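Have a look at the structure below, then the notes.
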2 protein chains.
Amino acid sequence: MREREIVDAALRVFAQRGYHAAVVDEIADLAGISKPMVYLYLGSKENLFVACVRRSSQALVRAFREAADSGDAPELRLWRGLSAFFAFVAEDRDSWVMLHRQAPEQSEAITAELAQARESVMREVADLVRRGIDEGGADDRLGEVDVDFVAQALVGAADSLTDWMEQHPREAPDRVALRLMNMIWIGMRDVLGGEMWSPPE
Amino acid sequence: MREREIVDAALRVFAQRGYHAAVVDEIADLAGISKPMVYLYLGSKENLFVACVRRSSQALVRAFREAADSGDAPELRLWRGLSAFFAFVAEDRDSWVMLHRQAPEQSEAITAELAQARESVMREVADLVRRGIDEGGADDRLGEVDVDFVAQALVGAADSLTDWMEQHPREAPDRVALRLMNMIWIGMRDVLGGEMWSPPE
DNA sequence: AAGTAGACTTACTCGGAAGTAAGATTAATA
DNA sequence: TATTAATCTTACTTCCGAGTAAGTCTACTT
């Protein structure tokens with residue numbers, strides 16, 4: 001299907017050059033057609049970009065969700081989800097760049113699409129964190145605010161670790177996820193257990 | 001000083017609109033002068049942008065470093081550094097947007113400047129993490145690779161938590177830093193102590 | 001008063017890229 | 001072989017914004 005081919009090409013060019021530096025002619029060339037065809041199928045550059053973001057975002061969320069979707073313990077599901085995330089980034093770097101390394105400066109539509117992509121991932125993670133806490137049998141010490149905090153930190157850490165992964169290509173995605181789990185989950189569990197760090201007076 | 005005023009104005013406009021959408025005329029207007037003056041003082045739009053990034057970056061690194069610079073225990077220094085970081089972001093949001101929310105798609109010079117800014121912060125953090133580990137008296141279980149990993153995750157988490165902070169304006173910067181310390185530091189300490197999470201076989 | 005230097009502005013040029021009008025090519029029918 | 005419809009391209013137009021040439025204003029010197 002033509003539209004798919006165009007989006008494929010656009011994804012590569014956008015990821016490499018960024019929205020502004022990307023030139024529609026180049027996308028058309030890469031797709032093996034001429035510029036007006038791009039406009040015929042996708043309408044505008046902005047719309048083309050949104051189509052790319054949407055596809056990449058759905059692919060990522062789907063990968064995470066499928067990996068994390070089982071009847072097992074939340075922490076195991078979270079680990080699987082994170083592994084899938086790192087695997088996705090390693091394999092389809094263009095999609096990741098698309099979602100991560102784009103200035104949210106752009107138009108309304110683009111900003112909204114990117115925000116929604118992040119929101120989707122965040123919801124998945126927050127959900128698992130919440131279940132993990134509930135299951136831990138803790139006395140509800142942590143509320144929704146704390147769940148959001150942990151989820152936000154976790155997602156941010158994962159984002160950033162994609163850079164680390166690039167510098168350590170020998171490390172398999174699920175090993176990276178394991179490292180992260182050890183950093184976050186144990187700390188969270190112990191905090192739930194009442195352990196705390198605080199600055200000395 | 002004229003140059004300073006121009007950079008002030010540019011920072012606001014760049015932060016609000018992003019590099020491409022920012023128009024030099026608007027910057028000039030905001031600075032209360034005309035466009036050619038901007039070019040007289042700063043040479044080019046790109047150079048102007050770099051000047052903004054550099055200033056913001058230096059301010060941030062300085063804030064972190066000064067806060068973290070004491071003879072105390074590494075974890076305390078880290079906490080202070082993180083507190084300063086969150087305070088900086090809360091107070092000078094434009095600078096933060098400048099450093100964080102810009103597409104690295106731009107020109108060589110801009111990309112380099114942004115990378116260097118991040119690199120500076122990362123070095124500071126990694127340094128404290130390393131000291132913290134050494135001091136923990138652990139049997140060198142963790143090498144340089146792990147230090148980098150922790151630093152990368154920590155910086156990423158902090159980056160991302162700036163969003164969380166925006167949604168919870170009542171939470172003071174040092175409280176946010178404390179939350180983060182509890183998530184990360186305790187986990188790290190326990191992992192050093194041999195505790196580990198691993199997926200069941 | 002006349003000259004001159006520095007600070008500043010108006011009013012352009014010029015290039016680059018999004019978007020499009022009009023025509024060409026191909027393939028399928030009759 | 002002529003017709004027509006779908007697909008695609010060439011060759012524009014148009015606009016926007018970075019960068020600049022040339023001139024103006026102010027203040028100070030002589």
Side-chain angles (χ1 to χ4, degrees), chain A residues 1-55 97-98 101-114, chain B residues 1-55 98 102-114:
Chain A
M1 188 191 182
R2 257 297 122 87
E3 185 168 326
R4 204 202 137 77
E5 290 170 22
I6 296 173
V7 173
D8 284 345
L11 187 64
R12 288 180 53 188
V13 176
F14 280 135
Q16 193 186 342
R17 304 226 189 285
Y19 182 74
H20 285 282
V23 174
V24 177
D25 268 313
E26 187 182 351
I27 294 171
D29 279 5
L30 191 61
I33 55 176
S34 67
K35 190 166 55 160
M37 292 311 293
V38 175
Y39 283 89
L40 180 63
Y41 280 94
L42 273 303
S44 71
K45 185 184 183 183
E46 176 179 320
N47 202 56
L48 174 57
F49 188 87
V50 168
C52 291
V53 170
R54 186 167 293 154
R55 209 180 68 182
V97 169
M98 198 72 185
R101 294 287 153 82
Q102 294 292 336
E105 72 188 47
Q106 328 292 2
S107 73
E108 210 48 37
I110 293 180
T111 309
E113 199 66 35
L114 286 169
Chain B
M1 188 194 184
R2 258 300 119 88
E3 185 167 328
R4 202 200 139 77
E5 289 171 22
I6 297 173
V7 174
D8 283 346
L11 187 64
R12 289 179 55 187
V13 175
F14 280 136
Q16 193 186 342
R17 303 226 189 285
Y19 182 75
H20 286 283
V23 174
V24 178
D25 267 313
E26 188 183 349
I27 295 170
D29 277 5
L30 191 61
I33 54 174
S34 66
K35 191 164 56 161
M37 291 312 291
V38 175
Y39 284 90
L40 180 64
Y41 281 95
L42 273 304
S44 70
K45 185 183 183 183
E46 176 178 321
N47 202 55
L48 175 56
F49 188 87
V50 168
C52 291
V53 170
R54 186 166 293 153
R55 210 180 67 180
M98 199 73 187
Q102 294 293 338
E105 72 188 45
Q106 329 292 2
S107 75
E108 210 49 37
I110 294 179
T111 309
E113 198 68 33
L114 286 169

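Numbered from 1 within each chain, the chains take letters A, B, ... in sequence-line order. Just so we're clear, the structure is a prediction, and the values are computed from it rather than from any experiment.
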Self-check item: Leu11(A) versus Cys52(A), closest heavy-atom pair with distance
Solution: N-SG, 3.8 Å
Quiz prompt | Shortest non-hydrogen contact from Met37(A) toward Ile6(A) | solution = O-CD1, 4.3 Å
In whole Å, I'd like the distance from the [atom1] atom of [X] to the [atom2] atom of [N].
| X | N | atom1 | atom2 | value |
| --- | --- | --- | --- | --- |
| Arg2(A) | dT7(D) | CZ | C1' | 9 Å |
| Leu42(B) | dA18(D) | CG | P | 14 Å |
| Asn47(B) | dG19(D) | CG | C1' | 14 Å |
| Leu40(A) | dT7(D) | CG | C1' | 9 Å |
| Lys45(A) | dC16(D) | NZ | C1' | 13 Å |

Practice problem: With rounding to the nearest 0.5 Å, note down the distance linking CD in Glu46(B) to CD in Glu113(B). | Solution: 10.5 Å
Quiz prompt | CG on Leu42(B) to CD on Glu3(B), rounded to 0.5 Å | solution = 5.0 Å
Quiz prompt | Val23(B) vs Ile27(B), side chain to side chain contact (heavy atoms under 4.5 Å, CB included): CA-CA, chis, key distance, verdict | solution = CA-CA 7 Å; Val23(B) 174; Ile27(B) 295 170; over 6 Å; no
Quiz item: Do the non-hydrogen side-chain atoms of Arg12(B) and Met98(B) ever get within less than 4.5 Å of each other?
Solution: no
Exercise. With the side chain counted from C-beta on, respond yes when Arg2(A) and Ile33(A) share a heavy-atom pair under 4.5 Å apart, and no when they do not.
Key: yes
Practice problem: Measure the acute angle between the ring planes of Phe49(A) and Tyr19(A), then classify it against the limits of 30° and 60° as parallel, tilted or perpendicular. | Solution: perpendicular
Quiz item: So how far off straight is the helix from dA1(C)-dT30(D) to dA30(C)-dT1(D), going by the axes through five pairs at either end, to 10°?
Solution: 30°
Quiz item: Is there a donor-acceptor contact under 3.5 Å from the side chain of Lys45(B) to the main chain of Ala22(B)?
Solution: yes
Exercise. For DNA chain D, determine which residues of residues 26-39 of chain B have any heavy atom closer than 4.0 angstrom to one of its atoms, and list them numerically.
Key: Lys35(B), Pro36(B), Tyr39(B)
Self-check item: Start and end of chain A contact along DNA chain C [non-hydrogen atoms, under 4.0 Å]
Solution: dA17(C) to dA21(C)
Practice problem: Decide side chain to side chain contact (heavy atoms under 4.5 Å, CB included) for Tyr39(A) and Leu48(A); before the verdict, give the C-alpha distance in whole Å, the side-chain angles of both, and the deciding distance to 0.1 Å. | Solution: CA-CA 9 Å; Tyr39(A) 283 89; Leu48(A) 174 57; over 6 Å; no
Practice problem: Begin from the C-alpha positions of Val38(B) and Asp25(B) and carry the test side chain to side chain contact (heavy atoms under 4.5 Å, CB included) through to its verdict. | Solution: CA-CA 9 Å; Val38(B) 175; Asp25(B) 267 313; over 6 Å; no
